[in-house]
Amino acid sequence: MAWGIVKAYKEIIVRLRDAIRRKINQLFKLKQWKLLHDNALDHRAIIVQDYSAKHSVSVLPHPPYSPDIAPCDFFFFPKLKMTLKGRRFSSSSEVIENATVELNKLRKIDFELAFQQLFYAGKNV
């Protein structure tokens, strides 16, 4: 594990926490926001864990060997694939255009529900 990568990841967590405090202060004050990251070595490094513990960063548990727990994998990509399944496109720009149309149809509540499912699934780990 490269020390520079670990320090860079910790700085990302610091900036993320500060951004959440500024943008969604109510969730921050109530400690109702959760961080999801996988079991990569830099995510599990002691300085990252120490920072998270000292600054009340709640981390959702991620089961080992479970890359499919990411919201993109269980929510986002399947929805996109189902809407585009069986269609033929003549160019990559046509794929991008059609994917953009389908993605814009997704509602905020759909994302909220996906993260709630992930949160409750994480509690059972």
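Positions are given from 1, in the same order as the sequence printed here.
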S.K.: Suppose we screen for salt bridge (Lys or Arg N to Asp or Glu O under 4.0 Å). Which residues come up paired with Lys105, at least two apart in sequence or across chains?
M.R.: Glu102
S.K.: Determine the minimum heavy-atom distance between Val48 and Val6, stating which atoms define it.
M.R.: CG2-O, 4.3 Å
S.K.: Say you draw a straight line from CZ of Arg17 to OG of Ser52; how long is it, rounded to the nearest 0.5 Å?
M.R.: 10.0 Å
S.K.: Holding to side-chain contact (heavy atoms from CB on, under 4.5 Å), I want the full list of residues that pass it with Ile20, two or more places apart in sequence or in another chain.
M.R.: Leu16, Ile24, Phe28, Trp33
S.K.: Which residues pass the side chain to side chain donor-acceptor pair (under 3.5 Å) test with Arg15, not counting sequence neighbours?
M.R.: none
S.K.: Looking at residues at least two apart in the chain, or sitting in another chain, which of them share a side chain to side chain donor-acceptor pair (under 3.5 Å) with Ser91?
M.R.: Ser93
S.K.: Under 4.5 Å between side-chain heavy atoms, hopping through other hydrophobics if needed: is there a path connecting Tyr51 to Ile47?
M.R.: yes
S.K.: Using the test salt bridge (Lys or Arg N to Asp or Glu O under 4.0 Å), find all partners of Arg21 that sit at least two apart in sequence or belong to another chain.
M.R.: Asp18
S.K.: Please confirm whether the backbone N or O of Val101 pairs with a side-chain atom of Asn104, one donor and one acceptor, at under 3.5 Å?
M.R.: no
S.K.: Hey, could you give me each pair passing ring pair (Phe, Tyr, Trp, His ring centres under 6.0 Å) that has a residue in residues 4-27? Not counting sequence neighbours.
M.R.: Tyr9-His37, Tyr9-His43
S.K.: Quick check for you: to the nearest 0.5 Å, what is the distance between Ile13 atom CD1 and Gln49 atom CD?
M.R.: 11.5 Å
S.K.: Taking Val59 as the starting point, is it possible to reach Val14 by hopping between hydrophobic residues whose side chains are less than 4.5 Å apart?
M.R.: yes
S.K.: Just wondering, are more than 12 heavy atoms of other shown residues or ligands nearer than 6.0 Å to CD1 in Ile5?
M.R.: no
S.K.: Starting from Ile109 and following side-chain heavy-atom contacts under 4.5 Å between hydrophobic residues (I, L, V, M, F, W, Y), which residues can be reached?
M.R.: Leu113
S.K.: For residues 77-90, which side-chain N or O atoms pair as donor and acceptor with protein atoms under 3.5 Å away, sequence neighbours left out?
M.R.:
unit_1	atom_1	unit_2	atom_2	d
Thr83	OG1	Lys79	O	3.4
Thr83	OG1	Leu80	O	2.9
Arg87	NH1	Thr83	O	3.1
Arg87	NH2	Asn98	OD1	2.5
Ser90	OG	Glu94	OE1	2.7

S.K.: Who pairs with Lys23 by salt bridge (Lys or Arg N to Asp or Glu O under 4.0 Å), at least two apart in sequence or on another chain?
M.R.: none
